[in-house]
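Comments concern the structure below.
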Amino acid sequence: MSKNLVIVESPAKAKTIEKYLGKDFTVLSSIGHIRSIPKKTADGTPPIDIKNGFKTQYEIDPEKKKTIAELRKAAKSAETIWLATDEDREGEAIAWHLCEVLKLDPRVTKRIVFHEITKSAIEEAVKYPRTVDMRMVEAQQARQILDRIVGFELSPVVWQKVPGGKSAGRVQSPAVRLLVEREREITAFEGSSQFKVSALFYHGNDEFKAELKQRFDTEEEARDFLESLEDATFTVSGITKSPSTRNPGAPFTTSTLQQEANSKLSFGSKATMAAAQKLYQAGKITYMRTDSVNLSGQAIASATDFIKRLYGPEYSTIRKFKTKNSSAQEAHEAIRPTDISLETASNNEYDQKLYDLIRRRTLASQMAPAQLENTTVTITISSHSEVFEAKGQVITFDGFLRVYGSNKEEILPSLTDGDTIHSSEISARQAFTKPPARYTEGSLVKKLEDLGIGRPSTYATIIDTVQTRGYVEKGDSEGAPRDVVTLALVNGAVEREIVQEKTGSTRGKLIPTPSGELIADFLTNHFEKIVDYDFTANVEQEFDKIATGSLARNSMLQNFYTPFHELIAQSGGIDRSTVGANREVGTDPVSSKPIFARFGRFGPMLQLGSQDDNEKPTFAPLPRGTKIETVTLEQALEAFKLPRIVGKTPEGVDIRASVGRFGPFIQIGTKTTKTKPLYVSLKEDDPHDITLNRALELYAEKLKLEAEKNVADFGDGIKILNGRFGPYVTDGAKNIKVPKDTDPKEVTHEQAKSLLKEAKPSKKRPTRRTSKKK
DNA sequence: CAGTGAGCGAGCTTCCGCTTGACTT
C-alpha cells in the first residue's frame, strides 16, 4: 500500500488522478455521499432532534458499506490521507462525513481541491492543503435538514388533505407550480389574429420576398388593400446596410447541455445525462454535472491550437466566460471533450451525437465572432403610403458559425435605389397571436436554474419525480387543426382560400395533471412560502451566510422552522372537502340521480348518485380533455355508458370496451374466464363506438405481437420471451436472462429449467424509481 | 398495468443532493 491515500467522489475521476500522481499515491472514491439521515431510528428517537439544536443522526448508506470498508482498510495503512472531494457545499460535507467514518480529526486532516483534472492543477493542489471548512459543512447540514423537514412534515399533510397528493418538497413543488401556472396562462389566453401581407417580387431573373410593414385587423381591410394594388407600381426606394456580429455561447454546463440536447437532438434530460455519463466514464469528456462555464487554461490552449491549425488564425478568439448564475458553486470545469481533436468518441449513435454537440460547442466558444451584413430594402407602392420591406442577411465571415449554429443566409438580389420591380405574387394570410409556450424538459431546466432551484445532479431527477408522482405528464397530442384565411391577388381579383394549420401540439411538452394542479393550488393556498419562487433563492443566501460565518446554522433553521411548523400544526383544520373543485353536473334523465364531478382517490371522476342514497353510487373516470369545472352533462352521460360489450370473438368470449387508468382499451375475456384477459389499448378508436370488426382486427394484431414476443413455449409454464432487455427465460415467477453467447432459439427445455434452477431467488426490490435509498 | 373511487381503519408513503452499478421484462 502506498504512503498517500487520496479520496475523491467519482471513481472515474479517481482513475484519472491516480495516473497523474504516480506510485506513491493511491486514489479511491467515496462514490458520492456515504451517510444520510435515517427515515426512522431503531430506538424511535427522531432522526433530527429539533428541540435539541437540530441534532442529527446519520447512518451509513447500506450500499456504501463495501466502499467504506475498502476506504477504512486503505486509510489504516496510509501515512497521509488527502480528502479531495469537490469544492462545493456537498463535497465539503462528504469530506467531513469521511472524517467521521474513518475516525480522522477534521482539524488536521488534509483537504485539497481542484477545479480541473489536469496534472498541474492536481500537483498544485497537493502543495497547498487546508482542513475541512466546518462552516461550509454546517451550511450543507442546514440545506439537508431543511429539505428533510419540509419534505417529511409537508408530505403527510398532503397525503391527508389532497386527493392524489403523494409528496411535496422545496424543489419539486415549485416545479409543479411553474407548470400549473403556465398551463393556466395558456388556458386564459385569448388569441387574436391579424392579416399579414407578403409579396414575391422579381428583378431580372431574381426573385425575393418582402413583407408589408403594416398589418390589418380584419379580412375586409386586407382584401381592400390587395384589390387596390391591381394597377400599382413598385419602386425600390431605400437600401440600408448594417453590419452586425454574433458571438458564440459559453461552453456547456449541465443545464445548457440538457437544453441544447433537448432542442437540437430531442434528447430528454435523463437520456442526455446517461449518454454524458458514458462519455465521462470512457474518459472522453470532463465531468457532466457542473454549473461552471469555465475552461481550464490547458483546454483553451489546445482548442486554440486546433482551431488555428484547422481553420486558420483568423478563426481563433480566446474567450473566458463567467457564470451569470449567482447560485453556481463552480466545483468543476464546464463540460468539454478531454481531447478536442478527437472527432469520434463512441460507436453508439446517441452518445456520439451528444459528444459531437459538446465538441462543437467547446470549439465554437473559442472562435471568432461571425460577421454579418443585414440589408433592408424598402419598396414603395405607387397607390399607397404603406411600404413593403425585404430583409436579407449575408454572412461576411462565418467565424464560430463554421462549427456551431445555423448559417442560413437570406440573399437579396443586387438592387439600386429607384429600380422599378414587379410582383409575381401578393397574398395576405391570417396570423394568430401565440399563447405562451408550454415547458419542455429543456426549458423547465433552464427556468429552474434561473430561479436557483435544484442542482446539476438533480435536474433530470426532478423531471422524473414530478412525473412518477403523477403531477405532470408528457404530452403526446399533435394539436388541433385550425382554419386560416388566406387571400391572394390573382389577375386583379382576390381569391379566398381556407387552409389548415396545426396548433397547440403538446408532443414532448410537460403538462400538469389535475392532481398536479390540485397540489399546486393547495400549497399556494396553505403553504405559500414553500412554493414561492424566491424561497429557494433566499434560503440559498442564508446558506451562504452560514458558510461565511455571518449566520449561525441553528438560528437560521429555527427561524425557518417556527413559522413553518405553525402552519403544519394548523393544517389539521383544513377541510378536505374544500380542497379541489366539486360540482353537480346535472341529473341523469334515466335514474333521475344527480351526477357530480369531483376528485377521488385516483384523480378527477364522475359520480352518479349521491352518497346518502341507499344504493351505492357508480363512478366513471372524467373523460380525457374535460375538466371538473367544465364537463357537460352530455359528456358525463357518455362516460357512464362504459364499459360496454362490443361483441364476442368467434370462440364466444366477450369483448368489452372502456376507459381505464391508461386510457381507452378493449378487453377480451374477463378475470373469471380460463385464460387471463387480454387488454389492447386504443389509440385512434373510440370505446363508445368501436365496431366488433375493428375490435377483432386489433385483437388479431395483438395476438400476432404476443406470438412474436414468444421465442419458445415449453408448455409447462416455462417460456422464452423477448423483452425490453433482450431474451429471457421465465416460469411465470422468475425471469432469467438468456446468456449472451447463447442463441435464444437454441435453448432446450432442459437448459431453460436448469437456468431457472440455478438462479438466485428473485429479491423483492423496492420498486420506486426516485428514492432508491435504503 | 387495467375498468378503482364513500364509509370503516391499519399501515404504508415522503425530502434533496452526491455518486454508480444492479436490476428490470
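Remember, it's a predicted structure, so these values are computed and weren't measured experimentally. Proteins come first, then strands; the chains are lettered A, B, ... in the order of their sequence lines, and each starts at number 1.
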Whole-Å distance, A:Leu98 CG to B:dT19 P, equals 13 Å
Residues of residues 276-291 of chain A with a heavy atom under 4.0 Å from any atom of DNA chain B, listed by number, are A:Gln277, A:Tyr280, A:Gln281, A:Tyr287, A:Arg289
Note to self: Would A:Trp159 count as stacking on B:dT13 if stacking means ring centres less than 5.5 angstrom apart and planes tilted under 30 degrees?
What the structure shows: yes
Q) Counting any heavy atom closer than 4.0 Å, what does A:Gly169 reach on the DNA or RNA strands: base, sugar-phosphate only, or nothing? A) sugar-phosphate
Which part of the nucleic acid does A:Arg143 contact within heavy-atom distance under 4.0 Å: base, sugar-phosphate only, or nothing?
base
Evaluate the side-chain proximity of A:Val531 to A:Ser173: yes if any heavy-atom separation is below 4.5 Å, no if none is.
yes
For residues 151-164 of chain A, please give each side-chain donor-acceptor pair under 3.5 Å, one per line with the distance, not counting sequence neighbours.
unit_1	atom_1	unit_2	atom_2	d
A:Glu153	OE1	A:His565	ND1	2.9
A:Glu153	OE2	A:Tyr561	OH	2.8
A:Ser155	OG	A:Gly151	O	2.7
A:Ser155	OG	A:Ala168	N	3.2
A:Trp159	NE1	A:Lys166	O	2.8
A:Lys161	NZ	A:Gly572	O	3.1
A:Lys161	NZ	A:Ile574	O	2.9

Classify the nucleic acid contact of A:Ser167 as base, sugar-phosphate or nothing, counting any heavy atom under 4.0 Å across all strands shown.
-> sugar-phosphate
Exercise. Which whole number of Å gives the distance between the P atom of B:dT4 and that of B:dT25?
Worked result: 25 Å
When A:Asp88 and A:Pro643 are each assigned the nearest nucleotide of DNA chain B, the 5'-most assignment goes to A:Pro643
So that I can tick it off, tell me whether A:Glu100 and A:Arg35 are bridged by a salt bridge, with the cut-off set at under 4.0 angstrom between side-chain N and carboxylate O. yes
| Is there ring stacking between A:Phe152 and B:dT14, where the centres must be under 5.5 angstrom apart and the planes under 30 degrees? | yes
Please answer whether the main-chain N or O of A:Phe535 pairs with a side-chain N or O of A:Lys529 as donor and acceptor at a distance below 3.5 Å.
no
Whole-Å distance, A:Leu606 CG to B:dG5 P, equals 15 Å
Atom CD1 of A:Ile145 and atom C1' of B:dG17 are separated, to the nearest Å, by 14 Å
Testing B:dT19, B:dT4, B:dA6 for proximity to the side chain of A:Arg598, the answer is B:dA6
Between NZ of A:Lys13 and P of B:dT19 the distance, given in whole Å, is 8 Å
Quiz item: So what does A:Arg455 hit on the nucleic acid, given a heavy-atom distance under 4.0 Å: a base, only sugar-phosphate, or nothing?
Solution: sugar-phosphate
| Sugar-phosphate only, base, or nothing, as touched by A:Pro156 at under 4.0 Å among non-hydrogen atoms | base
note: A:Met136, atom CE; B:dG17, atom P; distance rounded to Å ~ 15 Å
Of A:His332 and A:Ile37, the one whose nearest nucleotide on DNA chain B sits closer to the 5' end is A:Ile37
Checking A:Asp61 side chain against A:Glu63 main chain: does a donor-acceptor pair fall under 3.5 Å?
no
To the nearest angstrom, the CD1-P distance between A:Ile34 and B:dT20 comes to 15 Å
- request: Look at all strands and tell whether A:Val150 reaches a base, only sugar-phosphate, or nothing, counting heavy atoms closer than 4.0 Å.
  value: nothing
Which part of the nucleic acid, if any, lies within contact of A:Gln144, taking any heavy atom under 4.0 Å across all strands shown: a base, the sugar-phosphate backbone alone, or nothing?
nothing
Its dot-bracket string being built from Watson-Crick and G-U pairs below 3.5 Å, with | for another strand and [ ] for crossing, DNA chain B has the pattern .........................
- Task: Establish, with yes or no, whether the OP1 or OP2 oxygen of B:dC15 is under 4.0 angstrom from a side-chain nitrogen or oxygen of A:Arg469.
- Result: yes
#### Entry: Whether A:Tyr471 side chain and A:Ser167 backbone form a donor-acceptor pair below 3.5 Å
yes
Closer than 4.0 Å, any side-chain N/O of A:Ser29 to the OP1 or OP2 of B:dT20?
-> no
Query - Sugar-phosphate only, base, or nothing, as touched by A:Ala168 at under 4.0 Å among non-hydrogen atoms - result: sugar-phosphate
Discussion item. Regarding A:Ser681, tell me which of base, sugar-phosphate or nothing describes its non-hydrogen contacts under 4.0 Å with the strands shown.
Written reply: base
Q. Counting N and O atoms only, with roles assigned by atom type, does the side chain of A:Asp351 sit under 3.5 Å from a partner on the main chain of A:Lys278, one being a donor and the other an acceptor?
A. no
So, is A:Ser457 near the phosphate of B:dG17, with a side-chain N or O under 4.0 Å from OP1 or OP2? no
message: Less than 4.0 angstrom from a charged side-chain N to a carboxylate O is my criterion; do A:Lys641 and A:Glu638 meet it?
response: yes
Here the distance between atom P of B:dG21 and atom NZ of A:Lys66, to the nearest Å, is 10 Å
*For A:Gln172, report the nucleic acid contact type (base, sugar-phosphate, nothing); a contact means any heavy atom under 4.0 Å.*
sugar-phosphate
Could you measure between the two P atoms, the one in B:dC1 and the one in B:dA22, and give it in whole Å? 26 Å
key: Electrostatic pair A:Asp147-A:Arg170, nearest N-O below 4.0 angstrom   = yes
### Message
I'd like to know if A:Asp86 pairs up with A:Lys13 as an ion pair, taking the criterion as any Lys NZ or Arg NE/NH1/NH2 lying under 4.0 Å from an Asp or Glu carboxylate oxygen.
### Response
yes
Here the distance between atom P of B:dC15 and atom CD of A:Gln140, to the nearest Å, is 18 Å
Note to self: Under 4.0 Å, heavy atoms only, any strand: does A:Gly91 hit a base, just the sugar-phosphate, or nothing?
What the structure shows: nothing
side-chain N/O A:Thr458 vs B:dG17 OP1/OP2, d < 4.0 Å: yes
Counting N and O atoms only, with roles assigned by atom type, does the side chain of A:Asp534 sit under 3.5 Å from a partner on the main chain of A:Ala537, one being a donor and the other an acceptor?
no
* Below 4.0 angstrom, N of the basic side chain to O of the carboxylate: do A:Arg289 and A:Glu9 qualify? -> no
